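All values reported here derive from a predicted model rather than from experimental measurement. Ligands are counted one by one from 1 in listed order, and the atoms in each one are counted from 1 as well.
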Amino acid sequence: MAMRSVRSALRSGSSSSPSHFLRRCYCSESVPERKVTILGAAGGIGQPLALLMKINPLVSNLALYDIAGTPGVAADVSHVNTISQVAGFMGEDQLGKALEGSDVVIIPAGVPRKPGMTRDDLFNINAGIVKSLCIAIAKYCPNALVNVISNPVNSTVPIAAEVFKKAGTFDEKKLFGVTTLDVVRAKTFYAAKAKVPVSEVNVPVVGGHAGITILPLFSQTTPKSNNLSDEDIQALTKRTQDGGTEVVEAKAGKGSATLSMAYAGAIFADACLKGLNGVPEVVECSYVQSSITELPFFSSKVRLGKNGVEEVLGLGPLSDYEKEGLEKLKPDLKASIEKGIKFAAQS
Ligand SMILES: NC(=O)c1ccc[n+]([C@@H]2O[C@H](COP(=O)([O-])OP(=O)(O)OC[C@H]3O[C@@H](n4cnc5c(N)ncnc54)[C@H](O)[C@@H]3O)[C@@H](O)[C@H]2O)c1
Ligand SMILES: O=C(O)C[C@H](O)C(=O)O
């Protein structure tokens, strides 16, 4: 496998880029060449995500695919003076080239919500988009780690799994629903309320990615704050569950979270790359095939490694409020999973 020096990645990437990722990534002398493909790269999430992946020194090749607009996005992002090579691909006949040799494929393709819609209202359009993109992934880069952002994540991930099963390429270690934005929100909201430094806060968020299926486990938050009442925790839980809707309403018809989602998607892809590169103890929450509850897909902390998911971690001790939330979310999440599986079987 081709390797390149981390110092050369740093030299070319650190002088004028936000150094957040750059500082966090260096733990060995050299890193393997890695290709990342973004499907839906010209969209609201896709564009800032492309920029964030361009400044990630673990990426050597960045392929930007969309049905329209990618030549411009690729030309723009390619001028950023970091190590990775950027290429734009547009239209279905270029999808194979965008995917070939990819280590990580990120999927933010699909329509976003408008005020008054649920994520499930996106199913009719996005299910077909995710399905067709996953058919291509199975053909052109069956070993890639796949990060699904397109909503409704609770259903699109089961759809992706069914497509890969049908193609004979399914590996449960390599398929992820990206729920990092829920964790990002829970950390932000908790830090503000508890008046603790946000950079130190950790909050697992489990379940799924819609409404009450989003279950932040504030009882496990570190650093612990003793100044929050039960009412505070309930309000923080509700705000985390409604975080997406808060943005949809504020954008008033111009889409849903794009910038915070790109940030979250970049954190998760970075974790996948670190895991692939053998960095130890990389743990993030993600919606994956799971047996920690009776549901076949569930978001919880997962340890990432050279093959993707190394271990799906258990829920840990829950407060009574969280136990109640867990039982309440199960019927909703079960229905969304079944809807996805049924769609994949019928279409
Ligand atoms: N998982 C999460 O936490 C999370 C957070 C925010 C948004 N989302 C979801 O992400 C999706 C995208 O949101 P957005 O704001 O970027 O939307 P957007 O409309 O701005 O961008 C979507 C892009 O997908 C492209 N696209 C459509 N069909 C495609 C196909 N077949 N192949 C490739 N590209 C295709 C479009 O051309 C467009 O550029 C939505 O479904 C949204 O609900 C998920
Ligand atoms: O809320 C949405 O529709 C987008 C996304 O799932 C989010 O949580 O911001």
Kindly print each ligand 2 N/O atom paired with any protein N/O atom under 3.5 angstrom away, one pair per line, or none if nothing qualifies.
unit_1   : atom_1 : unit_2 : atom_2 : d
ligand 2 : 1 (O)  : R113   : NE     : 3.4
ligand 2 : 1 (O)  : R113   : NH2    : 2.7
ligand 2 : 1 (O)  : R119   : NH2    : 3.2
ligand 2 : 3 (O)  : R113   : NE     : 2.6
ligand 2 : 6 (O)  : R119   : NE     : 2.8
ligand 2 : 6 (O)  : R119   : NH2    : 3.4
ligand 2 : 6 (O)  : N151   : ND2    : 2.8
ligand 2 : 6 (O)  : H209   : NE2    : 2.5
ligand 2 : 8 (O)  : R119   : NH2    : 2.9
ligand 2 : 8 (O)  : R185   : NH1    : 2.8
ligand 2 : 8 (O)  : H209   : NE2    : 3.2
ligand 2 : 9 (O)  : R185   : NH1    : 3.4
ligand 2 : 9 (O)  : R185   : NH2    : 2.7

Extract all N/O-N/O pairs under 3.5 Å that connect ligand 1 to the protein, and present each with both atom names and the distance rounded to 0.1 Å.
unit_1   : atom_1 : unit_2 : atom_2 : d
ligand 1 : 1 (N)  : I149   : O      : 3.1
ligand 1 : 1 (N)  : V178   : O      : 3.2
ligand 1 : 3 (O)  : H209   : NE2    : 3.1
ligand 1 : 8 (N)  : N151   : ND2    : 3.4
ligand 1 : 16 (O) : G44    : N      : 3.4
ligand 1 : 16 (O) : I45    : N      : 2.9
ligand 1 : 20 (O) : G44    : N      : 2.7
ligand 1 : 24 (O) : G110   : N      : 3.3
ligand 1 : 37 (O) : D66    : OD1    : 2.6
ligand 1 : 39 (O) : G43    : N      : 3.3
ligand 1 : 39 (O) : D66    : OD2    : 2.7
ligand 1 : 41 (O) : V111   : O      : 2.9
ligand 1 : 41 (O) : N126   : ND2    : 3.0
ligand 1 : 41 (O) : N151   : N      : 3.2
ligand 1 : 43 (O) : N151   : ND2    : 2.9

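For the residue pair K251 / T258, a side-chain donor-acceptor distance below 3.5 Å is found, with atom types taken as modelled.
Looking at K166 and E162, no side-chain N of the basic residue comes within less than 4.0 Å of a carboxylate O on the acidic one, giving no salt bridge.
Taking the ring axis of F170 as reference, the NZ or CZ atom of K165 stays within 45° of it and closer than 6.0 Å to the ring centre.
Taking the six-membered ring for Trp and the full ring otherwise, the centers of F218 and Y321 sit at least 6.0 Å from each other.
With F176 as the fixed residue, the side-chain contact (heavy atoms from CB on, under 4.5 Å) test singles out one of V157, V146, L145, V153: L145. Of the listed residues (V198, D232, L228), just one forms a side-chain contact (heavy atoms from CB on, under 4.5 Å) with Y190, and that residue is L228.
Here the side chains of V104 and T37 are not in contact, with every heavy-atom distance at 4.5 Å or above. Within the 4.5 Å cutoff, side-chain heavy atoms of F298 are placed close to those of L315.
The two residues N154 and S336 come nearest to each other via the heavy atoms CB-CB, 3.6 Å.
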